[in-house]
Amino acid sequence: MKMVKANVKDIYRKTEKFMGQDVKISGWVRTIRASNAFGFIELNDGSFFKNIQVVFESSLENFKQVADLGTGSAVKVSGTVIESEGAKQPFEIKAKQVAVVGEADEDFPLQKKRHTFEYLRTIAHLRPRTNAFSAVFRVRSLVAYAIHKFFNERGFVYVHTPIITGSDCEGAGEMFKVSTLDFHKIPKTSDGRIDFSKDFFGKETNLTVSGQLAVENFCVAFRNVYTFGPTFRAENSNTQRHASEFWMIEPEIAFADIFDDMDLAEEMMRYIIDFVLENAPEEMEFFNNFIDKGLLERLDLVLNSEFARITYTEAVELLEKSKKQFEYPVKWGADLQTEHERYLTEDLLKKPVFVYDYPKDIKAFYMRLNDDDKTVAAMDLLVPGVGEIIGGSQREERYDKLLQRIEEMGLDKDDYWWYLDLRRYGTNPHAGFGLGFERAIMYITGMQNIRDVIPFPRTPKNAEF
RNA sequence: UCCUCGUUAGCUCAGUCGGUAGAGCGGGUGGCUGUUAACCACUAGGUCGGCGGUUCAAGUCCGUCACGAGGAGCCA
């Protein structure tokens with residue numbers, strides 16, 4: 001009989017075609033159980049979330065070697081796909097040959113038992129070989145694809161905004177410096193300041209904290225655009241939903257207002273959830289069973305109901321009416337605290353909610369001033385379990401108003417000359433938002449810590465690997 | 001950065017009133033003819049996070065530092 005190369009995903013998806021066939025597969029041992037007459041290998045070949053069971057018998061010339069293999073070892077197997085006698089799997093491979101490709105040393109740290117996520121973070125180079133991380137990173141890849149697919153199908157142009165930015169005027173917090181200066185011999189100007197004219201770019205440069213200001217320029221040319229790339233924040237944030245390096249998706253749409261913006265965000269969220277449920281059913285079932293029991297029910301609800309939309313003022317009223325005791329009091333004009341946001345989305349409304357029209361004093365300079373002169377057309381999308389997942393706004397397209405806001409906030413208008421130019425040459429109402437990619441993954445998988453949805457997370461005091 | 005909690009075998013943890021260290025899993029050896037975190041027996045494995053203090057005596061009490069986690073702020 002002819003031996004065909006196969007992968008585990010195909011055998012699961014097209015079982016009929018493979019039943020009775022001789023196949024060659026290769027992969028890594030997840031667990032092994034052996035007696036002195038036969039044994040079982042659970043093999044993962046990387047093509048699929050699930051493992052395939054390989055049965056091997058003492059008739060193999062290297063039976064002893066195979067039976068002694070440790071978890072993690074790499075093997076090649078040839079054998080026949082047959083129906084399984086065991087109850088837990090519909091089929092298995094009866095081995096004719098098992099070649100040991102790479103043994104795993106006996107101190108391979110992953111055991112066939114539950115490990116804590118904290119421990120697995122210390123072995124981030126090995127954790128992709130666990131069930132949970134296999135599922136997380138398969139879903140992460142799918143969500144990235146779904147996002148590109150969503151925007152591409154709607155005619156959006158994908159723009160690569162710079163990673164290294166030339167000014168610190170992006171206004172979203174502490175930035176990482178980019179420099180080739182010798183830290184031990186920093187050139188100074190005559191008044192004692194660092195002489196950046198001697199630096200690589202001849203000026204002070206940083207890693208980007210947002211592609212928004214840059215992508216707005218492309219919005220005016222291509223109408224509907226988005227960025228999808230890494231973002232860096234040098235904030236000393238120590239929470240389960242902050243990382244120093246993360247990925248962000250930032251669409252920007254022309255001739256659009258804050259409501260168009262919310263429509264787009266809602267449609268996008270629904271699209272990617274639907275796509276993942278469709279294309280990663282095994283992974284999603286795993287998350288629902290082992291990570292977050294209510295996950296599938298919650299995502300179903302999102303697919304089948306409208307997101308709530310309330311203004312900041314209404315949110316404040318709702319919170320005041322609730323009579324709930326908060327650690328921080330609710331007050332119009334103050335930003336909503338995390339406890340307020342969570343109560344809104346998790347207890348009061350129990351679904352994703354857009355809060356929009358925030359007081360201007362707590363929001364960024366570029367957000368469009370509403371007619372009441374007190375609020376700006378900003379919106380946050382809050383979701384149960386994660387909190388703020390999207391932040392966006394309609395942008396101030398009126399030159400005079402924008403200039404006024406820049407000055408009110410004590411910023412230097414010269415830093416924004418090209419951003420202001422947009423309001424002089426064919427200005428138009430436009431809007432956009434930033435979706436935290438990892439926060440979306442957390443929401444979709446039920447994973448509770450951002451460090452566990454990034455391959456090699458960077459957080460304060462941690463850049464190992 | 002602030003508050004709280006934690007750090008004991010490779011991993012997950014227990015350790016009472018202060019009296020010199022335990023279990024399960026994993027590893028090793030042997031056994032077992034359909035396993036499913038296989039099972040059974042035996043076995044090796046410890047600077048109790050670091051430093052300092054109190055005490056006859058510290059894993060245990062106190063101080064301090066490091067690291068980790070949760071919460072807050074910042075935000076995506």
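These values consider heavy atoms only, across backbone and side chains, with no hydrogens, waters or symmetry-generated copies. In what follows, chains carry the letters A, B, and so on, assigned in the order in which the sequence lines appear, proteins first and then strands, with residues in each chain numbered from 1. Here the structure is a predicted model, which means the values were calculated and not measured.
- A/L336 places its CG atom 11 Å from the P atom of B/C74, with the value rounded to the nearest Å.
- The two residues A/P460 and A/E235 have their closest heavy-atom pair at CG-O, 4.0 Å.
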Q: Please test A/E267 against A/R154 for salt bridge (Lys or Arg N to Asp or Glu O under 4.0 Å), starting from the C-alpha separation and ending with a verdict.
A: CA-CA 11 Å; A/E267 193 187 350; A/R154 282 156 187 76; 3.0 Å; yes

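- If you take atom C1' in B/A58 and the same atom in B/C48, they sit 11 Å apart, rounded to whole Å.
- Not one side-chain nitrogen or oxygen of A/R439 sits closer than 4.0 Å to the OP1 or OP2 atom of B/C75.
- Nearer to the 5' terminus of RNA chain B, by closest-nucleotide assignment, is the contact made by A/F38 (compared with the other of A/F38 and A/I32).
- For B/U20, the base adopts the syn conformation, since its glycosidic angle falls within 90 degrees of zero.
- At the heavy-atom level, A/R451 lies under 4.0 Å from the strands shown only through sugar-phosphate atoms.
- By the 30° and 60° cut-offs, the orientation of the rings of A/F326 relative to A/Y343 is perpendicular.
- If you check B/A37, B/A76, B/A72 against the side chain of A/T239, the one that comes closest is B/A72.
- When rounded to the nearest whole Å, the span between CD of A/E92 and P of B/G34 equals 13 Å.
- Taking side-chain N and O atoms only, A/R33 has no distance below 4.0 Å to OP1 or OP2 of B/U35.
- B/C39 sits 24 Å from B/G22 when the C1' atoms are compared, rounded to a whole Å.
- Atom C1' of B/U12 sits at a distance of 16 Å from the matching atom of B/G27, rounded to the whole Å.
- When each of A/D263, A/D357, A/D380 is checked for a salt bridge (Lys or Arg N to Asp or Glu O under 4.0 Å) with A/R309, only A/D263 meets the rule.
- Candidate nucleotides B/A76, B/G28, B/G34 were compared by shortest atom distance to the side chain of A/S84, and B/G34 ranks first.
- The listed nucleotides are B/U12, B/U36, B/A76; the one nearest the side chain of A/F246 is B/A76.
- As rounded to the nearest Å, B/G24 and B/A38 have C1' atoms that lie 16 Å from one another.
- When each of B/G26, B/G34, B/U1 is scored by its nearest atom to the side-chain atoms of A/Q111, the top-ranked nucleotide is B/G26.
- Atom P of B/U33 sits at a distance of 28 Å from the matching atom of B/A44, rounded to the whole Å.
- Remark: A/K112 is in phosphate contact with B/A38, judged by side-chain N or O atoms under 4.0 Å from OP1 or OP2.
- Using a 30° and 60° split on the angle between ring planes, A/H160 and A/Y158 fall in the perpendicular class, above 60°.
- For B/U33, the OP1/OP2 oxygens have a side-chain nitrogen or oxygen of A/N36 closer than 4.0 Å.
- For A/H242, whose side chain is taken as the heavy atoms from C-beta onward, the closest listed nucleotide among B/C75, B/U35, B/C25 is B/C75.
- Nucleotides B/G28 and B/C17 place their P atoms 40 Å apart, quoted to the nearest Å.
- Residue A/N449 has a polar side-chain atom (N or O) positioned under 4.0 Å from OP1 or OP2 of B/G70.
- Nearest nucleotide to the A/Q337 side chain, out of B/A72, B/A37, B/A76: B/A72.
- Residue A/Q53 places no side-chain N or O under 4.0 Å from the OP1 or OP2 atom of B/U35.
- B/A37 and B/G26 are spaced 11 Å apart, taking the C1' atom of each and rounding to whole Å.
- Distance check on atom C1': B/U60 versus B/A69 gives 23 Å, rounded to whole Å.
- Atom C1' of nucleotide B/C74 and atom CD of A/Q240 are separated by 16 Å, given to the nearest angstrom.
- Of the candidate nucleotides B/C32, B/G24, B/C74, B/C32 has the atom nearest to the side chain of A/S35.
- Checking B/A23 for Watson-Crick or G-U wobble geometry (two distances, each under 3.5 Å) identifies B/U12 as its partner.
- Side-chain nitrogen and oxygen atoms of A/T31 include at least one within less than 4.0 Å of the OP1 or OP2 phosphate oxygen of B/A38.
- Taking the six-membered ring where tryptophan is involved, the planes of A/Y12 and A/F48 are tilted, since the angle between them lies from 30° to 60°.
- Ring orientation note: the planes of A/F40 and A/F38 are nearly perpendicular, at an angle over 60° on the 30°/60° scale.
- Regarding contacts with the backbone of B/G73, a side-chain N or O of A/T338 is found under 4.0 angstrom from either OP1 or OP2.
- When rounded to the nearest whole Å, the span between NZ of A/K113 and C1' of B/A38 equals 17 Å.
- With distances taken from any side-chain atom of A/K88 to the nucleotides B/C75, B/G68, B/U36, the minimum falls on B/U36.
- Between A/T116 and B/U12, a side-chain N or O to OP1/OP2 separation shorter than 4.0 Å is present.
- In terms of position along RNA chain B, the nucleotide closest to A/Q448 lies nearer the 5' end than the nucleotide closest to the other residue of the pair A/W247 and A/Q448.
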